[in-house]
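Notes for the one structure printed next.
Each chain gets a letter, A, B and so on, in the order its sequence line appears, and its residues count up from 1.
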Protein chains: 2
Amino acid sequence: MLSKKTQYAFRALAHLALNYGKDPVRISTIALKEKIPLKFLENILVELKNVDLLESKKGKGGGYSLKISPKKINLATVIRVINGPIALLPCVSLNFYEKCTDCDEETCGIRKMMIIARDSTLKVLEKKTLNDIIIAKD
Amino acid sequence: MLSKKTQYAFRALAHLALNYGKDPVRISTIALKEKIPLKFLENILVELKNVDLLESKKGKGGGYSLKISPKKINLATVIRVINGPIALLPCVSLNFYEKCTDCDEETCGIRKMMIIARDSTLKVLEKKTLNDIIIAKD
DNA sequence: TAATGTCCTACCAAAATAGTAGGAATTAAT
DNA sequence: ATTAATTCCTACTATTTTGGTAGGACATTA
């Protein structure tokens with residue numbers, strides 16, 4: 001399951017996606033409209049900024065905005081940044097790989113099935129974008 | 001990600017699947033062969049027994065065995081019993097549904113995408129069985 | 001009745017999650 | 001220049017989940 005933090009991230013990103021191309025949006029505005037704890041949201045937005053999904057402006061008239069088009073931000077990317085691995089086991093993760101203890105990867109049947117499951121999930125999450133989230137709203 | 005407990009469960013079940021139709025296998029044997037902490041494994045096997053995936057026999061010559069064919073135990077079932085929900089959000093879980101706070105399910109675009117992701121994952125996990133795990137070993 | 005096994009209840013330490021607090025740094029307007 | 005507005009940084013904290021352990025009760029077989 002995705003953490004609450006990840007759910008907040010999606011809501012905030014969806015909010016910013018609707019404002020793409022317009023003025024930056026203040027953290028406090030997003031927190032209020034999306035009902036996310038303000039200080040917690042701060043942390044989330046900084047993380048998203050650090051991986052260049054968002055850009056920020058300080059001082060009056062400042063706030064956050066998407067750095068790239070909502071059509072170019074897929075759901076897998078967001079999950080990986082805030083939540084971590086998408087795969088069900090560390091030994092089948094593409095971005096957070098860790099070797100299994102006590103398991104021969106060549107012959108492990110569990111691993112083979114988890115790779116199939118991972119690919120099936122990724123096929124959706126890598127294709128769907130923030131834009132799909134906001135157009136699906138109507 | 002699946003918990004370590006769930007990984008242990010899969011290993012134990014795979015072990016028992018290879019012994020399907022034969023004599024029951026002692027917990028201590030499984031713990032030793034699969035390198036799983038004995039007392040932890042006890043808990044796991046009891047849980048699997050409580051949902052009728054396993055049956056047990058006490059006393060000398062006792063142990064655990066699969067109650068039904070490895071071909072009839074799919075991976076989604078095992079994950080749900082030991083790990084919990086497969087869906088990425090509580091509000092799209094079929095077996096562990098919980099309503100989102102502050103979100104209209106009819107119009108939520110995040111939810112719509114997570115349903116698609118869930119279905120894609122389930123299509124694999126509900127089709128693949130313990131038997132697929134053990135035949136994939138070779 | 002003794003030995004062999006599962007089963008039950010309870011506990012515990014470490015890690016992850018979900019925040020909060022307080023102020024430093026930067027920018028823009030006056 | 002000063003002030004106000006805003007993000008950014010460091011650190012702390014409470015709660016929940018994870019990954020076990022301990023000890024003995026209960027059931028079965030020989």
How close or far is atom [atom2] of [N] from atom [atom1] of [X], stated in whole angstroms?
X: Gln7(A); N: dT17(C); atom1: CD; atom2: C1'; result: 13 Å
X: Glu55(A); N: dT26(C); atom1: CD; atom2: P; result: 18 Å
X: Ile30(B); N: dG5(C); atom1: CD1; atom2: P; result: 13 Å
X: Met1(B); N: dA15(C); atom1: CE; atom2: P; result: 16 Å
X: Asp23(A); N: dA28(C); atom1: CG; atom2: P; result: 13 Å
X: Glu47(B); N: dC8(C); atom1: CD; atom2: P; result: 12 Å
X: Leu54(A); N: dT6(D); atom1: CG; atom2: P; result: 18 Å

Is there side-chain contact between Asn19(B) and Leu66(B), with at least one heavy-atom pair below 4.5 Å? no

Taking the side chain as C-beta and beyond, is there a heavy-atom pair between Leu89(A) and Ile110(A) under 4.5 Å?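 SC-SC contact between Leu89(A) and Ile110(A) confirmed.
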
Need to verify one output field. Residue with the more 5' nearest nucleotide on DNA chain D, Gly62(A) or Asn43(A)?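 So the residue in question is Gly62(A).
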
How do Val25(A) and Leu38(B) order along DNA chain D: which one's closest nucleotide is nearer the 5' end? Val25(A)

Give the intermediate values and the outcome of side-chain contact (heavy atoms from CB on, under 4.5 Å) for residues Leu75(B) and Thr129(B). CA-CA 6 Å; Leu75(B) 308 188; Thr129(B) 69; 5.8 Å; no

Between protein and nucleic acid, restricted to nucleotides 23-30 of chain D and to nitrogen or oxygen atoms under 3.5 Å apart, what atom pairs and distances do you find?
| unit_1 | atom_1 | unit_2 | atom_2 | d |
| --- | --- | --- | --- | --- |
| dG23(D) | O6 | Lys39(B) | NZ | 2.4 |
| dA27(D) | O4' | Lys58(B) | NZ | 3.4 |

Once you round to the nearest 0.5 Å, how far does CG of Asn131(B) lie from CD1 of Ile73(B)?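 Asn131(B) atom CG to Ile73(B) atom CD1 measures 10.5 Å (nearest 0.5 Å).
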
Derivation of the salt bridge (Lys or Arg N to Asp or Glu O under 4.0 Å) call for Arg80(B) and Glu126(B): CA-CA 11 Å; Arg80(B) 285 179 178 131; Glu126(B) 287 183 336; 3.4 Å; yes

Sugar-phosphate, base or nothing in reach of Leu45(B), heavy atoms under 4.0 Å: nothing

From CA spacing to verdict: side-chain hydrogen bond (donor to acceptor under 3.5 Å, both in side chains), Thr121(B), Thr121(A): CA-CA 5 Å; Thr121(B) 308; Thr121(A) 308; 2.8 Å; yes

Full working for salt bridge (Lys or Arg N to Asp or Glu O under 4.0 Å) between Glu47(B) and Lys5(B): CA-CA 11 Å; Glu47(B) 284 186 58; Lys5(B) 191 176 177 185; 2.7 Å; yes

For Tyr8(A) and Ile36(A), indicate whether the former's side chain and the latter's backbone hold a donor-acceptor pair under 3.5 Å. no

Could you walk me through whether Lys67(B) and Glu55(B) pass the salt bridge (Lys or Arg N to Asp or Glu O under 4.0 Å) test, one step at a time? CA-CA 5 Å; Lys67(B) 194 167 185 180; Glu55(B) 59 191 355; 5.3 Å; no

Polar atom pairs (N or O), protein with nucleotides 12-19 of chain D, under 3.5 Å:
| unit_1 | atom_1 | unit_2 | atom_2 | d |
| --- | --- | --- | --- | --- |
| dG19(D) | OP1 | Lys4(B) | N | 3.4 |
| dG19(D) | OP2 | Lys4(B) | N | 3.1 |

